[in-house]
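Take a look at the structure set out below.
So you know, we letter chains A, B, ... as the sequences are listed, proteins then strands, and number each from 1.
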There are 2 protein chains.
Amino acid sequence: MPKRVDHGERRKLIADALMRVAAERGLEAVSLRHVATEAGVSAGMVQHYFGTKDEMMTFALAVVREHGEARVTRAVAALGDHPAPRTLLRTMLVELLPLDEARRADGRVALAFLAYTAVRPDVAAGLHRETAALLGFLADQIRAAQTGRPADHRVDPDRAAVGLLAVLEGLGIYLLGGHYPAETALAALDAQLDLICGPAQPAG
Amino acid sequence: MPKRVDHGERRKLIADALMRVAAERGLEAVSLRHVATEAGVSAGMVQHYFGTKDEMMTFALAVVREHGEARVTRAVAALGDHPAPRTLLRTMLVELLPLDEARRADGRVALAFLAYTAVRPDVAAGLHRETAALLGFLADQIRAAQTGRPADHRVDPDRAAVGLLAVLEGLGIYLLGGHYPAETALAALDAQLDLICGPAQPAG
DNA sequence: GTTTTTACAATGCAGTCGCAACGTATCCTG
DNA sequence: CAGGATACGTTGCGACTGCATTGTAAAAAC
């Protein structure tokens, strides 16, 4: 083999450039040449690492998801060994909200891809599995958060998980659109957690 | 004046074609020629009624919103004069969910426009006002639905409205992506209404 | 009647698109 | 050192884009 280059690294470099273009000018501004320029490489190189544009898009979509996953993993790890379920939930969800510019950029790309995959159902299969797994995890945490609550304050964990994930998605979208400030979204998220888990326990 | 033609009608004809193209092939497939073909008219005519593509897009966005508004108005009117707040809320929200093919089409277009406006903040100003008005209305209904509930079952209407609207948006998106079936979304919506308004009153 | 204004159709243009087809430089293998 | 495979860069092609321009038919205004 000649000239050893890390394919994964190059692809990631290109995908990062794609995401920058998409975040700033929308997904329809993503072209081989624009991405190449943004990445500071030739258009031929982009073509070398991604035979087709769709391939490039699919890879970039995976990168966005990995961003989110890494963010959540890191934030959850910082919580220590056995965080309270509600704390764990809140930490995860807040991390997925577009509250700073980095997450806003990721969010814009994710939103664009959402619209993209809505018309290309074949690409969406992986997302379904991820959603199902996430829903399962949320439901588990909600179940755990409810132990010891009076029966008439309990909710169905599966439905609550669907609702909670929907709230997250919706808040993210309204935040991206600038419909209301971060505090409003955070207040709504906390209110939702209150509804599901009961009011936050005062420390002690 | 010559050859009197209803400008609004023509523009609506074209916008409808635009929405069909966007729903089937995504917003990036929307071009003057595609829209013209879909509408069964010449590209020149499209250009005659919309000097620029952006003008056409903006108009189409307004049409999408009117669709939703008309749907809600009709459904709410069918409820009669003084529906219970929870019934009113549920009727409104269900009507906005992409549960049949017509609403799925509208939803896809709305989603595409959401991503479109996320990068064009100037276009989004109208949406902000609409969101604020909708939030106010939801909060009013939630407030009304809570009269007579025990104090420890009440929630802040404003936060609950933000959460409810976010749930609606999120459920719509997951439905459009086919992440789960309609029943799951409806169950989650009802669970959310249960959390906010208390369990549905059995008839009588 | 003529004139003017509107409604459309057709064509053309400069730019961009994805992608194929090269060419070449580089490095590993034998 | 030759041979071959890989990693690019360059160029060009056909299709498409939004839009300006032009031409024409028809109806209102005079």
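Using a cutoff of 4.0 Å between basic side-chain nitrogens and carboxylate oxygens, A:E38 and A:R20 are scored as salt-bridged. Checked for salt-bridge contact, B:D106 and B:R103 miss the test: no charged N lies under 4.0 Å from a carboxylate O. A salt bridge is absent between B:K12 and B:E9: the closest approach of a Lys/Arg side-chain nitrogen to an acidic carboxylate oxygen does not fall below 4.0 angstrom. A salt bridge does not link B:R11 with B:D6: none of the charged nitrogens is closer than 4.0 Å to a carboxylate oxygen.
Residue A:H48 has its side chain nearest to D:dC8 when only D:dC8, D:dT17, C:dA9 are considered. Closest approach to the B:V5 side chain among C:dA7, C:dA9, D:dG18 is made by C:dA7 (side chain taken as heavy atoms from C-beta onward). When distances run from any side-chain atom of B:S42 to the nucleotides D:dC8, C:dA9, C:dA7, the shortest one goes to C:dA9. When distances are taken from the side chain of B:H34 to each of D:dT17, C:dC19, D:dA7, the shortest belongs to D:dT17. Residue A:Q47 places its side chain closer to C:dC19 than to any other of D:dG9, D:dC19, C:dC19.
Interatomic distance, CD1 of B:I142 versus CD1 of B:I196, reported as 4.5 Å (0.5 Å rounding).
As a whole-Å value, the separation of A:M56 CE from C:dG18 P is 7 Å. Atom CZ of A:R10 is separated from atom P of D:dT6 by 16 Å (rounded to the nearest Å). In this entry the distance linking NZ of B:K53 with P of C:dT16 reads 15 Å, nearest Å. What separates CD of A:E55 from C1' of C:dA20 is a distance of 16 Å, to the nearest Å. Atom CG of B:L32 is separated from atom C1' of C:dT16 by 15 Å (rounded to the nearest Å). Between the CG atom of B:D54 and the P atom of D:dT17 there is a distance of 16 Å, rounded to whole Å. Rounded to whole Å, the distance from CD on A:E9 to P on D:dC8 is 11 Å. A straight line from CD of B:E28 to P of D:dT17 spans 12 Å, rounded to a whole angstrom.
Neither OP1 nor OP2 of C:dT16 sits under 4.0 Å from any side-chain N or O of A:S31. Considering only side-chain N and O atoms, A:H7 lies nowhere under 4.0 angstrom from the phosphate OP1 or OP2 of D:dT6.
Backbone-only engagement by A:V30 is indicated by non-hydrogen atom pairs under 4.0 Å involving sugar-phosphate atoms exclusively.
With the nearest nucleotide of DNA chain D identified for both A:R33 and A:Y49, A:Y49 has the one nearer the 5' end.
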